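These notes concern the structure reproduced below.
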Amino acid sequence: MAATYWSTLPELPEAETIARSLRSAVSGRTIVTVAFLAKRVSQDDPARLAGRTIRTVVRHGKQVMLELDRGFVHVKLGMTGALLVNAVAGAYTRAVFDLDDGSRLSFDDIRQFGSLSLIDAPPATLGPDPLEIDAVAFAARLRARRGKLKPLLLNQSFLRGLGNIYVDEALFRAGLHPLAAAERLKPARAEGLHAAIAELLTDAIAHRGSSISDYVDAAGERGSFQNLHRVYGKEGQPCVNCGEHIRRIVVVQRGTHFCPHCQRR
DNA sequence: TGCCATGTTAATGC
DNA sequence: TGCATTAACATGGC
């Protein structure tokens with residue numbers, strides 16, 4: 001069986017793609033043994049996972065959860081985490097799950113910002129899912145906050161699932177400046193942002209996410225949404241709407257891309 | 001060589 | 001309390 005790789009810089013669309021792909025591969029399988037190959041990948045005793053059955057795989061924000069007959073394996077992908085089925089172990093393989101049908105689920109992570117933990121229930125500390133919250137509730141939530149749009153949208157306790165790439169793309173689609181004040185947005189503009197986020201994420205999921213760098217799948221299982229980015233990584237290039245040059249600034253230590261003409265402050 | 005990219009958390013200050 | 005700011009973590013790529 002060929003190895004299948006999924007990557008990279010995982011945000012909601014990538015986590016959704018991983019969860020869907022894994023779901024068909026590991027649902028119903030019982031875990032035989034688990035090995036943690038790096039100290040920082042998990043604080044849990046891998047022996048506790050033996051004998052548990054994987055019911056299904058779900059996405060929670062930009063994270064992936066293996067739903068077990070008892071509890072969940074909470075997978076934080078970090079920056080470079082990847083869940084692989086039947087991959088050959090390499091230098092960056094941090095955890096290996098051997099399953100009862102002889103298949104193997106492994107967690108590879110170059111930079112080790114990812115982690116695995118055994119938990120009883122999905123974390124309650126995160127904000128609503130952007131594909132579940134409705135426009136009116138989103139607008140109300142936005143207006144109740146004082147921060148600027150970009151830092152707010154990156155904050156997982158405000159909304160779960162967006163990262164640097166999709167925040168920039170969503171703000172561009174909505175025609176909003178990354179430093180605009182959330183509390184001053186008119187309801188119609190806030191609802192427009194909600195719609196832009198939902199449309200963007202739906203498009204990105206349809207393209208199996210964005211693959212910027214890192215792993216390449218030998219079988220072609222790579223996201224293609226990076227080809228449809230409009231501002232992220234496009235500094236100096238003409239805006240697809242107006243031709244103005246895309247600008248890059250730094251906001252909360254993150255590269256931030258926008259069109260100075262289409263996204264007025 | 002040294003800096004960049006990134007998600008998350010923590011620390012500090014207002 | 002909430003918000004802004006900065007640093008830390010890891011490491012391949014440039």
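Treat the numbers as computed from the prediction; the structure is a model and nothing was measured. Values below: all heavy atoms of this structure, side chains included; hydrogens, waters and symmetry mates excluded.
- Looking at residues two or more places apart in sequence or on another chain, you find a side-chain hydrogen bond (donor to acceptor under 3.5 Å, both in side chains) between A/S157 and A/N155.
- Scored by the salt bridge (charged side-chain N to carboxylate O under 4.0 Å, His left out) test, A/D203 finds A/R173 as partners (sequence neighbours excluded).
- The hydrophobic side chain of A/V32 is isolated, with no ILVMFWY side chain under 4.5 Å apart from it.
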Under a 3.5 Å cutoff on both atom distances, Watson-Crick or G-U, what's the dot-bracket for DNA chain C ([ ] crossing, | other strand)? .|||||||||||||
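- Along DNA chain C, the nucleotide closest to A/Q112 and the one closest to A/L152 are compared, and the more 5′ of them pairs with A/L152.
- In the 5' to 3' direction, nucleotides of DNA chain C lying under 4.0 Å from heavy atoms of chain A begin and end at C/dC3 to C/dG12.
- Heavy-atom nearest nucleotides on DNA chain C were determined for A/P151 and for A/R40, and the one closer to the 5' end corresponds to A/P151.
- Applying the side chain to side chain donor-acceptor pair (under 3.5 Å) test to residues at least two apart or on different chains, none of the pairs has a partner in residues 38-47 of chain A.
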With a cut-off of 3.5 Å and sequence neighbours excluded, list every side-chain donor-acceptor pair involving residues 175-185 of chain A.
from, atom 1, to, atom 2, distance (Å)
A/H177, ND1, A/L179, N, 2.9
A/E183, OE1, A/R146, NH1, 3.4

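- Chaining together hydrophobic side chains whose heavy atoms lie under 4.5 Å apart places A/F72 alongside A/V58, A/M65, A/I119.
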At under 4.0 Å between heavy atoms, how does the protein contact nucleotides 7-12 of chain B? Give one character per nucleotide, 5' to 3', with B, S or -. BBS---
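- Among residues at least two apart or in separate chains, salt bridge (charged side-chain N to carboxylate O under 4.0 Å, His left out) pairs with a member in residues 88-105 of chain A are A/R29-A/D100, A/R29-A/D101, A/D98-A/R104.
- Within the 4.0 angstrom heavy-atom criterion, only backbone atoms of the sugar-phosphate kind lie near A/G255; the bases stay farther away.
- Sorted by first and then second residue, the salt bridge (charged side-chain N to carboxylate O under 4.0 Å, His left out) pairs with a member in residues 58-74 of chain A read A/E16-A/R59, A/R55-A/E67, A/R59-A/D129; sequence neighbours excluded.
- Applying the salt bridge (charged side-chain N to carboxylate O under 4.0 Å, His left out) test to residues at least two apart or on different chains, none of the pairs has a partner in residues 227-238 of chain A.
- Under the 3.5 Å distance criterion, with hydrogens and angles disregarded, a donor-acceptor pair is assigned to the side chains of A/T30 and A/T53.
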